[in-house]
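Only one structure is covered here, and it is reproduced in the block below.
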Amino acid sequence: MNNYKSISKDISYRLVNHGPLVMISTRSAKGEYDIAPVAWCCPADNSPSRILIAIDPGHMTYSNIKETGEFTVCVPNASQADLARKTGSVSGRDADKFAEFGIEHVKTSGVDTLVPTGCVGYICCKVFSDTDSDGVALVIGEAVEAAAHTRGFSDRVLIENEQGRTLHHLGGGTFGILSDNLDIG
């Protein structure tokens, strides 16, 4: 964790405020780790910092969240597009994605999850609210720990630095990055 610094959980929602694709890292009650890309994620509150994710209730990610009451929102770097594609191509029920794809990772301390190295940052969450409505699970997690790469985040995501470039899913197999930092004022 040499390249990461603690950040205030009160501003941790800023890691996802700009709409990046995220990877949700979970652990089952049996101790099996999983990670899956999720495009629908947004801040739900900033004091305390809460993050909302929308996921399919049939996925292992949701089962793990229900079992443990915790998850980590990982914000991948733009260079990790292939990792997002791979982890979304197979169910965690069928494979240990960390082993199958050789994902280098660090273990979080806020909750029991793994974070791929190279991410812009991560937010460890405990479930605050969980609603399964008409085939969509809306889960709100409250931040209990957050960290970000020192060159990827200051008091905001530093898109002008290589380590701050986040990955945005544009549909199908297409991804993009934010290209300009505009000062409007």
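Small disclaimer: the values here were computed from a predicted structure and weren't measured. Heavy-atom basis, side chains included; hydrogens, waters and symmetry copies ignored.
The hydrophobic cluster containing V75 also contains L178, counting ILVMFWY residues as joined when their side-chain heavy atoms lie under 4.5 angstrom apart, directly or transitively. There is a path of hydrophobic side-chain contacts, each under 4.5 Å, that joins I123 to V127. At a threshold of 4.5 Å between side-chain heavy atoms, the hydrophobic network of Ile, Leu, Val, Met, Phe, Trp and Tyr places L21 and L52 in two separate groups. Linking Ile, Leu, Val, Met, Phe, Trp and Tyr whenever their side-chain heavy atoms come within less than 4.5 Å leaves V106 and V144 in two separate clusters. V38 and I51 fall within the same hydrophobic cluster, defined by Ile, Leu, Val, Met, Phe, Trp and Tyr side-chain heavy atoms under 4.5 Å apart, directly or through other members.
Inter-residue side-chain proximity for C125 and E142 is flagged as unmet; no heavy-atom pair is nearer than 4.5 Å. Counting heavy atoms from C-beta on, the side chains of R93 and S63 come closer than 4.5 Å. The shortest side-chain heavy-atom distance between L83 and M23 falls under the 4.5 Å cut-off. You'll find the side chain of P116 reaches within 4.5 Å of the side chain of I103, heavy atoms only. Looking at T131 and S129, their side chains come closer than 4.5 Å, going by heavy atoms from C-beta outward. Between N64 and F71, the closest side-chain pair of non-hydrogen atoms is not below 4.5 Å. Taking the side chain as every heavy atom from C-beta outward, V73 and I24 approach each other to under 4.5 Å.
A donor atom on one side chain and an acceptor atom on the other are found under 3.5 Å apart for T72 and T113.
Atoms CD and OG1, from E32 and T26 in turn, are 10.0 Å apart once rounded to the nearest 0.5 Å. Distance check, rounded to the nearest 0.5 Å: CZ of F101 to NZ of K86 gives 7.0 Å. Summarising the geometry, atom NZ belonging to K5 is positioned 4.5 Å from atom OG belonging to S154; distances are rounded to the nearest 0.5 Å. We find the OH-OG distance between Y122 and S12 to be 11.5 Å, quoted to the nearest 0.5 Å. Note that SG of C42 and CZ of R50 are 13.5 Å apart. Values are rounded to the nearest 0.5 Å.
Taking a 6.0 Å sphere around CZ of F128, one finds it holds 12 or fewer heavy atoms contributed by other residues, nucleotides or ligands.
Using a distance-only test at 3.5 Å, with no hydrogens or angles considered, a donor-acceptor pair links the side chain of D96 to the main chain of A99. The closest donor-acceptor contact from the side chain of Q163 to the backbone of G118 lies under 3.5 Å. At least one donor-acceptor pair under 3.5 Å links the side chain of K97 to the backbone N or O of I35. Of the possible donor and acceptor atoms, one in the side chain of S8 sits under 3.5 Å from a partner among the backbone N and O of D10. The backbone N or O of S79 lies less than 3.5 Å from a partner atom in the side chain of N77, making a donor-acceptor pair. Under a 3.5 Å cut-off, the side chain of T87 and the backbone N or O of A84 do form a donor-acceptor pair.
Across all non-hydrogen atoms, the minimal contact from N3 to R151 is OD1-NH1, 4.5 Å. Pairing each heavy atom of P76 with each of V120, the nearest pair is O-CG2, 4.0 Å. Contact detail for A54 and L138: the closest heavy-atom pair is CB-CD2, 3.6 Å. The shortest heavy-atom contact between I177 and H168 is CA-CD2, 4.2 Å. The minimum heavy-atom distance between R27 and T68, with the atom names listed, is O-CG2, 3.0 Å. Closest approach of G92 and D34 over heavy atoms only: CA-OD1, 3.4 Å.
Applying the side chain to side chain contact (heavy atoms under 4.5 Å, CB included) rule to D94 yields the partners V90, S91; only residues at least two apart in sequence or on another chain are considered. When the side chain to side chain donor-acceptor pair (under 3.5 Å) test is applied to Y62, the partners found at least two apart in sequence or on another chain are D130.
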Given H105 and V115, is the side chain to side chain contact (heavy atoms under 4.5 Å, CB included) satisfied, shown in steps? CA-CA 5 Å; H105 60 272; V115 173; 5.8 Å; no
Begin with the C-alpha distance, continue with both residues' side-chain angles, and end with the deciding distance and a verdict on side chain to side chain contact (heavy atoms under 4.5 Å, CB included) for F98 and L114. CA-CA 9 Å; F98 284 93; L114 305 177; 3.6 Å; yes
With side chain to side chain contact (heavy atoms under 4.5 Å, CB included) as the criterion, how do K107 and D112 come out once you've worked through the C-alpha distance, each side chain's angles and the decisive distance to 0.1 Å? CA-CA 7 Å; K107 193 168 187 192; D112 188 4; 2.9 Å; yes
Go through the steps to decide whether E145 and T108 satisfy the test side chain to side chain contact (heavy atoms under 4.5 Å, CB included), and finish with yes or no. CA-CA 9 Å; E145 174 193 359; T108 60; 4.2 Å; yes
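Contact check on R156 versus E160 returns a salt bridge, with a Lys/Arg side-chain nitrogen under 4.0 Å from an Asp/Glu carboxylate oxygen. For the pair K126 and E70, the salt-bridge criterion is met [side-chain N within less than 4.0 Å of a carboxylate O].
Annotation: ring-ring contact (aromatic ring centres under 6.0 Å, His included) contacts involving residues 141-161, sequence neighbours excluded, comprise Y4-H149.
The only option from D56, I55, I53 that meets the side-chain contact (heavy atoms from CB on, under 4.5 Å) definition with T61 turns out to be I55.
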